[in-house]
Amino acid sequence: MVEFEPKIIGFLCNWCSYAGADLAGVSRIQYPPNIRVIRVMCSGRVDPVIVLEMFANGADGVMVMGCHPGECHYLEGNLYAEWRIKMLKKLMACAGLEPERLRLEWVSAAEGSRFANMVKDFTNQLKGLGPSPLASEKPDETILASIRAAERAAGTSRLRTLVGREKELAEEENVYGEKVTQEEFDKLMDESVKEEHLRSRIYLLTKDKSMSVKELAKHLSVDTRVVLRHIVVLRRKGLLAMDRIEGISPLYVALEAR
Amino acid sequence: MVDKVGAVLVVGGGIAGIQAALDLADSGFRVYVVEDTPSIGGTMTQLDKTFPTNDCAMCILAPKLVRAGRHANVHLITNAEIKKVKGEPGNFKVTITRRARYVDEEKCTGCGVCAQECPVEAIDEYEQGLSRRSAVFVKYLQAVPSTFAIDREKCIGCGTCQEVCRADAIIYEEKDEDVELSVGAIILALGFEEFDPSLKSEYGYSRYSNVVSSIEFERILSATGPYGGTVLRPSDGDLPRKIAFIQCVGSRDAKLGNNYCSSACCMYAIKEAVIAREHNPNLQCTIFFMDIRAYGKEFDAYYSRAEEEYGVRFVRSRISDVKKVLGSQNLIVRYVEDGEPKEEEFNLVVLSVGMKPPKHVEELAKTIGIKLNKYNFCSTETFSPLATSRLGVFVCGAFSSPKDIPESVAQASGAAARAGSLIATGRGKLTVAKKLPPEIEVSDKEPRVGVFVCHCGTNIGGIVNVPEVVEYAKTLPSVVYAEHNLYTCSQDTQRTIREKIKEHNLNRVVVASCTPRTHEPLFRETIREAGLNIYLFEMANIRDQCSWVHMHEPEKATEKAKDLVRSIVAKARLLKPLKKPMIDVTPVGLVIGGGLSGMTASLELAKQGFEVHLVEKEKELGGNLRHIHYMLGSEDPQERLRSIIKEVTENEKIHVHLDAEVADIEGYVGNFETTLTRGSDKKGINHGIVIVATGAVEYKPTEYLYGIDSRVLTQRELEEKIGEGEFKARTVVMIQCVGSRNDERPNCSRICCVQAVKNALKIKELSPETDVYILYKDIRTYGFNEDYYRKAADEGVLFIRYDDDHKPKVTQENGTLKILAMAPVLKTWFPIEPDLLVLSAATIPNPDNERIAQMLKVPLTKDRFFLEAHMKLRPVDFATDGVFLCGLAHSPKLIEESISQACGAAARAATILSKKRLEVEGAIANVNEDLCSGCRICEAVCEYSAIEMKEKDGKLVSSVLEALCKGCGVCGSTCPTGAISMLHFTDEEILAQVRAALKEEKKYD
Amino acid sequence: MTEFDPKIVGFLCNWCSYAGADLAGVSRIQYPPNIRIVRVMCSGRVDPAFILEAFKSGADGVLVAGCHLPADCHYISGNFKAYRRVTLLKKLLQQFGIEPERLRLEWVSASEGDRFATIIKDMVKEIKKLGPNPLRAGGKTSG
């Protein structure tokens, strides 16, 4: 049997990590060939939607690498990357994909060997995890749908706003001059991620065909009450409408996002 | 004498508070409304429909809220509470704490972008937890003020709302602040809290998701509610097929300490069942009840309709508990009916929750210095239902006792009257009237239209290409100026509009933005300040009816916006300045009927400083009160009557006309001319308003051997007997609903149950060993009178129910009076041989009503009581301006209710009498006498009697009574010769608007 | 050929239906942009002449909307008058060669934003089936 070779996408920031990878080359440090590097100007540029898109397309792992804290070429882009990855891992967990498939590492321009070690380590870790359920010819449809929903959720203004604000809130004071504790924020984030993911799943499912609360609940293995509550919110936002009533069950259909 | 402070503080911005505020502000006082939540409107805003007319609650409420929001002399202080009350009647100093809302009320335009971008969600209390809102929120869609507020408990302080707010309205630095107000009187309209049904754990609320409270069900019914108006059940979103309503949840429950009846639940449950059925005709609704208390005006008719037309099933029962069916979300209701335990499965259970005193009421009572009753509602007395224990502090609405909307509204007006009487010397001292420049003459000038197009932040501008609309507007005929604004409603744009009017000699102004329903008054004010007549303004609604509803079609939305602007400009070109006619007011009242209501209304008017003519057809004052000898409480009604009569006769402003009748009434609001007759004497009086307080009479039964056997009496006759100390009997039987709730008179007479309980208790007091039986259909001792019902039962009064198929049988055999009554559980007839049979005879309309109604051109109900302008929100007004109604003439009611209504009618009348001249609407009907053929069709279609026929040059022509016309335009579109035009909505204007909506128009240059 | 895009004129009473249309906006309920709304104080104000003028000027459909029967009317009974008038006018329209289905009378309350949007959607669909106003198609429009 051929050994499983994980496919890894690496987003490397131009100024530190990409230079670090170059240095590994210049120094002829060997590392597994599983990584495909995409250069970005800053790790802070790595949009959660893109990362999820990679997984949807079959990546077994995604690495985001940036400058060490305090060394970011753009001052604090790497910190934003950190908050985003944290949120992404939560979303992945919701979607049923192992959060360990996503890694964030700091690699400076001088750390060629660190870069190589990271890649080695991650490759081994992924080998242990086995192939992504989305990597095969016939990807797991439930997880794929769930990742697609995560992608959509990652694009909602609610999650984007929260992620965008985490740094300020966690490190500084909020607009009232108060400190928001990390626990408070994490709790809010956890809730929001779960809710937005579920809403996105409902939204995407009803895009293809109109569905009842019960069908959705069965499909999503969630309580009907919870589904209905989210439908109420989605209708309020103009994303969902009651299509028709079949028997005693209304069917809902997604509307084009406005 | 030191003047009283001409301002009033109203605490509570629900329907009662708002009504009191408007009445006072309309009669020359400054009013502060302090509301706990961020917007006014109270519980009524959450209701879907209202009984017994099934009116949409928001439709009838919103105009009042908007009016209160814009009234120059009503100051809304929302998100605030009372901290301290000092001083004395006529001169209080009240400290209010305004809690920070973090949104500038001056700047916020209510556009809602902040809420869309806010990343934090919270439970939506307005939707009863069935939906979510954001941390920056507005209480409900049509809220007044529409200012948003930040829920500080939920907000994480991320700063997003401030960044997205284009109006710069978010202020995180805001702190709670104290405001001190000087007021002459205080009105408490605190409303109520719903009973928390989880306290009745046997019903499974909060354990089972398909057990909901009645107020949740209102939201479920509402088109603006969480389910968009489709009745769904919360467990799985399916349509329920069977709904159970359980009554008296938290009311009539001695175990909980809430022995009182919440008064409104029977009717709202029936309404909810009816409306639910309207939504879904396959639905089966069952109401589990103890007594159906449909005691109000036309309520029983509604109750029968629910049963007959909507198939609502009524089950008289006691509920044991509600259990969930194993493996299903359905519920089993276990109950006892006719002594038999039964059970039935339902898809949804609605708990009709009762009313509790408002939250933190004890603390508040202490702050204000008023006493509460044993249930923690405001303590009041029968003969002074609007006064609290502290002088100068009045009460209205559900805070004094659980009650429904019309009662609250009547009481609110009543409290306004009492407050107004107290501070009458301060009238007009603190109100503001704006100084305005003279109006510029425009009728001789070519139209010069200015168009202001609003971006509304991104609400319009994000979809409609606003600059393109502006450029387009410039190409339209008569448009000499056009510009766009970030927010046309902002204060700086108002300044710009005034400047541009001067700079470009504009004589017509068009604003293309949101809806005229909320914003027309603002812009009208603005152009008036620049010297233009207010009718030279028009609005194109390119937000609510364009950008917001065509978000995915920006190009088409832009095209539509252009069409709307073009079409409204076409109308604007034709606009004519209109004068608001002014009519003089004779500051004198006429009160018809010298019973308790008529006397109370007269006294209130006199105390407010107006002269009153009180006309009574009998030789003495007092009406029905003369026959009342004792009360349920300790008051002595005859002593009260004497003191009221004394007060009336000694008041020099009141002219009492005894033994007199109103022979004829001519004229209209502000200017009535009435002829009184007394024997052959005639007397003419001039007055500005009329209050109808003609009372009602007791039905003379033809049933149950009344008039044949002298032992058969009516309740009133029994009371006279007891009053005269002639009562003696070992056994007394009372039969309820004699002459009411039958085919001839389907409605309930309301007072007889209380009267029967009162007389039964009196009998037990005088002669404890006397057996008293009360044969009834439903015992309707609503409100706190439920206590007396319980007391009567405790003292051994036997209550035996009968239904229409098993009415009691009364016979006389060998001189013995014999009654057969059906025992409900045993289902057998059993005999009673009483010494006295007392019939609870109906209260029936005064036979004079027909004549008076005709004279005043006001309508009567099917039952021949007077019919008010609106059963819910205008309980003491007639549709005809200047004519008011109170007491039994309106419908049967208790003493305290008559007093409240009488004061209410006086307050409504004072809104007219307090003005030297009345300004009436300018956009009214106008007759071209040359074209008029005198066919009188217009006279027939006008609901307001605003058209009268007069002779001109030998022919009959119609003429509009400006004071009465409401401007609906129905006469104009009915007129066969086109003689009537509707000003401001003339045929030419509408036709131009229609044509231009469909076709391009270009400047001819 | 571009798809036929009907033009509809809507006469809406100020108190219920206009408010309902506003609510559709506040609730962001989307509907086709084919209607041009003319605000009148009461549906009873709508003169048959206004409706005929709209058809003459090329409207493919006319909507008259007022407060629900029987009791919602702000002016007590204007809605009944509208009802009688529109019913009669529908009969007349046939004689002018205009399909009566082009004229609709609906009751929309201030809380029925959804209903308003549904009516417009439905009306646009129905009128698309009917095709352009025969007066317009025949080029008989005046002015």
Side-chain angles (χ1 to χ4, degrees), chain B residues 48 53-60 62-63 112 141-142 222-224 228-229 514-518 541 543-553 556-557 559-560 563-564 567 571 869 871 879 923 941 943-944 966-970 972-974 982 985 987 990-991 993-995 997-999, chain C residues 5 7 9 11 14-16 18-42 44-50 53-54 56-59 67-68 70-78 81-82 85 109-115 117 120 141 143:
Chain B
D48 178 39
T53 51
N54 287 357
D55 273 327
C56 144
M58 196 50 94
C59 302
I60 55 177
L141 289 172
Q142 307 92 330
S222 172
T224 59
C514 49
T515 172
R517 289 175 48 255
T518 53
N541 188 338
R543 187 188 72 178
D544 304 45
Q545 297 179 359
C546 186
S547 70
W548 274 351
V549 290
H550 312 308
M551 292 176 133
H552 316 311
E553 297 167 285
K556 284 190 172 170
E559 281 315 301
K560 177 170 172 178
D563 285 0
L564 291 174
S567 118
K571 179 180 178 187
M871 283 214 175
V941 297
E943 291 279 1
Y944 300 96
K966 296 271 176 286
C968 65
V970 167
S973 45
T974 314
M982 258 312 302
F985 287 90
D987 288 5
I990 295 180
L991 290 173
Q993 192 183 350
V994 169
R995 253 180 250 124
L998 296 160
K999 286 182 193 163
Chain C
D5 212 11
K7 285 185 189 170
V9 172
F11 296 97
N14 183 60
W15 305 97
C16 294
Y18 195 89
D22 280 349
L23 183 64
V26 176
S27 324
R28 314 293 201 274
I29 303 165
Q30 305 296 300
Y31 57 83
N34 302 62
I35 187 163
R36 302 294 176 264
I37 290 167
V38 175
R39 180 170 71 117
V40 290
M41 294 314 276
C42 179
R45 167 70 184 114
V46 181
D47 195 309
F50 302 167
E53 181 67 32
K56 238 168 66 188
S57 301
C67 310
H68 278 274
D72 278 13
C73 178
H74 190 81
Y75 302 106
I76 303 170
S77 66
K81 279 147 198 153
R85 219 170 269 152
S109 83
S111 58
E112 295 179 326
D114 219 346
R115 178 175 156 78
I120 303 305
T141 38

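The analysis underlying the following values was restricted to heavy atoms, covering all of them including side chains, and did not include hydrogens, waters or symmetry mates.
Note: B:Pro516 leads B:Ala557, B:Pro516, B:Ser547, B:Ala869 in heavy-atom pairs under 4.5 Å with chain C. Of the listed residues (B:Asn541, B:Asp48, B:Leu564), the one with the most heavy-atom contacts under 4.5 Å to chain C is B:Asn541. Heavy-atom pairs under 4.5 Å with chain C peak, among B:Thr224, B:Val994, B:Ile990, at B:Ile990. Between chain C and the options B:Val941, B:Val549, B:Asp563, heavy-atom pairs under 4.5 Å are most frequent for B:Val549. Comparing C:Ala59, C:Ala49, C:Gly78 by how many heavy-atom pairs each has under 4.5 Å with chain B, the most go to C:Ala59. Of the listed residues (B:Met871, B:Glu559, B:Glu553), the greatest number of heavy-atom pairs within a distance under 4.5 Å of chain C belongs to B:Glu553. Ranked by non-hydrogen atom pairs under 4.5 Å with chain B, the options C:Ala24, C:Pro32, C:Cys67, C:Gly20 are led by C:Pro32.
Closest heavy-atom contact between B:Lys560 and C:Ile35: CE-O, 3.0 Å. Considering every non-hydrogen atom in both B:Ser973 and C:Pro48, the closest pair reads O-CD, 4.5 Å. Between B:Gly972 and C:Asp47 the shortest heavy-atom distance is O-OD2, 4.1 Å.
Under 4.0 Å is where a charged nitrogen must lie from a carboxylate oxygen, and between C:Asp5 and B:Lys556 at least one such pair does.
The NE2 atom of B:His552 lies 4.5 Å from the CD atom of C:Gln30; values are rounded to the nearest 0.5 Å. Taking SG from B:Cys968 and CE from C:Met41, the interatomic distance works out to 9.5 Å, rounded to the nearest 0.5 Å. Atoms OG and CZ, from C:Ser57 and B:Arg995 in turn, are 6.0 Å apart once rounded to the nearest 0.5 Å. To the nearest 0.5 Å, atoms CD1 (C:Ile37) and OG1 (B:Thr515) are separated by 9.5 Å. In this structure, the separation between CG on B:Leu991 and CD on C:Glu53 is 5.0 Å, given to the nearest 0.5 Å.
Partners of C:Tyr31 by ring-ring contact (aromatic ring centres under 6.0 Å, His included), not counting sequence neighbours, listed by chain and number: B:His550, C:Phe116.
Heavy atoms of C:Val38 lying under 4.5 Å from chain B belong to its backbone as well as its side chain. Proximity to chain B involves both the backbone and the side chain of C:Tyr18, based on heavy atoms less than 4.5 angstrom apart. Only the backbone of C:Ile29 comes within contact range of chain B, judged by heavy atoms closer than 4.5 Å. Interface residue C:Arg85: only side-chain heavy atoms are found under 4.5 Å from chain B. Of the atoms belonging to B:Leu998, heavy atoms from both backbone and side chain fall under 4.5 Å from chain C. Neither the backbone nor the side chain of C:Ala82 comes within less than 4.5 Å of any heavy atom in chain B. Proximity to chain B (any heavy atom under 4.5 Å) is shown, for C:Ile120, by neither the backbone nor the side chain. Interface residue B:Gln545: backbone and side-chain heavy atoms are both found under 4.5 Å from chain C.
For the pair B:Glu943/C:Tyr75, no side-chain contact is recorded, criterion being any heavy-atom separation below 4.5 Å from C-beta on.
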side-chain contact (heavy atoms from CB on, under 4.5 Å) evaluation trace for B:Met58 with C:Leu23 | CA-CA 11 Å; B:Met58 196 50 94; C:Leu23 183 64; over 6 Å; no
